[in-house]
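Position 1 is the first residue of the sequence; numbering continues from there. Because the structure is a prediction, the values reported are computed rather than measured.
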Amino acid sequence: PKGVINDWRKFKLESEDGDSLSLSKKEILRQMSSPHKSFSKDDKDTRERFCRKMSMQEYELIQDEKEDESCLQKYRKRCMQDMHQRLSFGPKYGYLCELQNGEQFLEAVEKEHKTTTVIVHIYEDGIKGCEALNNSLTCLAAEYSTVKFCKIKASSTGAGDRFSSEVLPTLLVYKGGELLSNFISVSEQFSEEFFAVDVESFLNEYGLLPERELPALENGNMDEQDVE
């Protein structure tokens, strides 16, 4: 795609050290990054000949530059980061939030960004499965920072009579203020000992978690297969 090629040319020109590239080669890259600005719209034949000539010169230029592969890796890294940022919109969290009362519970559900999934764990101390679920959600909150994970004691909701020990732990999932899923005694869905990966699989079965976020790109070290 022409847009991608021109973007790469601009990136290469901008990333070059001022003393590492000759003026003639800099001019070639500058013209190639904006080929249609060099001629008037009426001079179509000259522009096409120029673009063909520039393609050959660009090939020779790339072949001559030993550091080009490093520059290409940096360009790929920037493209992946830009794409990740465009796809990851909305607020970020990364932790399990403790709600203190019913008012905070309502605010967490109703006043959140409309694209944000809110997962609330209703629990009580000493009830089987509640502590393990809190630990699991703490781990998942770090993995899925665009999801708002919360916990609140049943006695703090203002509706403790609705959440007896028989229905705890309970998971409520909201989005845009609407209840998407309601899982009572959710620990019964797991084995005696369960971990974050088990809770993750369970939530994914119902399509309640987004795609995992891309790992941080550090030092441009990424396999070709990963980039592709």
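Rounding to the nearest 0.5 Å places CZ of Arg162 at 12.5 Å from OG of Ser164. In this structure, the separation between CG on Leu96 and NZ on Lys148 is 11.5 Å, given to the nearest 0.5 Å. If you take SG on Cys150 and CD1 on Ile119, they are separated by 9.5 Å, rounding to the nearest 0.5 Å. Taking NZ of Lys175 as the start and NE2 of His113 as the end, the distance is 10.5 Å to the nearest 0.5 Å. Interatomic distance, Glu205 CD to Gln189 CD, rounded to the nearest 0.5 Å: 8.5 Å.
Considering every non-hydrogen atom in both Glu193 and Ser191, the closest pair reads O-OG, 2.7 Å. The two residues Ser187 and Gly129 come nearest to each other via the heavy atoms CB-CA, 4.1 Å.
Two residues are said to be in side-chain contact when any heavy atoms from C-beta on lie closer than 4.5 Å; Pro210 and Thr117 fail this criterion. Side-chain contact between Val186 and Thr170: absent, with no pair of heavy atoms (C-beta onward) separated by less than 4.5 Å. Using a 4.5 Å heavy-atom cutoff, the side chains of Tyr144 and Phe149 are in contact. Under the 4.5 Å side-chain criterion, counting only non-hydrogen atoms from C-beta, Leu133 is not in contact with Asn135. Counting only heavy atoms from C-beta outward, the side chains of Asn134 and His121 approach each other to under 4.5 Å.
The hydrophobic cluster containing Val118 also contains Phe163, counting ILVMFWY residues as joined when their side-chain heavy atoms lie under 4.5 angstrom apart, directly or transitively. By the rule that hydrophobic residues join a cluster once side-chain heavy atoms approach within less than 4.5 Å of another member, Leu171 and Leu209 end up as members of one cluster. Following chains of ILVMFWY side-chain contacts shorter than 4.5 Å, one can reach Leu99 starting from Ile127, so the two form part of one hydrophobic cluster. Residue Leu106 is grouped with residue Leu179 when hydrophobic side chains (ILVMFWY) are merged at heavy-atom distances under 4.5 angstrom, including chains of intermediate members. Transitive grouping of hydrophobic side chains (ILVMFWY, heavy atoms separated by less than 4.5 Å) keeps Tyr93 and Val109 in distinct clusters.
Formation of a donor-acceptor pair under 3.5 Å by the Thr146 side chain with backbone atoms of Thr116 is not found in this model. Proximity of a side-chain donor or acceptor of Ser156 to a complementary backbone N or O of Ile152 within less than 3.5 Å is not detected. Judged purely by atom type and a 3.5 angstrom limit, Thr157 uses its side chain to pair as donor or acceptor with the backbone of Ala154. At distances below 3.5 Å, at least one donor-acceptor pair connects side-chain atoms of Gln104 with backbone N or O atoms of Gln100.
A donor and an acceptor atom, one from each side chain of Tyr123 and Glu131, are nowhere located under 3.5 Å apart.
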Exercise for review: Dump the intermediate steps for side chain to side chain donor-acceptor pair (under 3.5 Å) on Glu112 and Tyr174, then the final yes or no.
Suggested key: CA-CA 10 Å; Glu112 193 47 72; Tyr174 296 86; over 6 Å; no

Practice item. Give the C-alpha distance, both sets of side-chain angles, the deciding distance and a yes or no for side-chain contact (heavy atoms from CB on, under 4.5 Å) between Val147 and Leu208. Key: CA-CA 10 Å; Val147 177; Leu208 298 174; over 6 Å; no

Exercise for review: Would you sort out whether Lys128 and Glu192 count as a salt bridge (charged side-chain N to carboxylate O under 4.0 Å, His left out), showing the intermediate values?
Suggested key: CA-CA 10 Å; Lys128 183 179 179 181; Glu192 187 73 18; 3.3 Å; yes

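Partners of Phe202 under the ring pair (Phe, Tyr, Trp, His ring centres under 6.0 Å) rule, at least two apart in sequence or in another chain, are Phe183, Phe190, Tyr206. Considering only residues two or more places apart in sequence or on other chains, Glu98 meets the salt bridge (charged side-chain N to carboxylate O under 4.0 Å, His left out) condition with Lys151. Applying the side chain to side chain donor-acceptor pair (under 3.5 Å) test to Ser155 and every residue at least two apart in sequence or in another chain returns Glu124.
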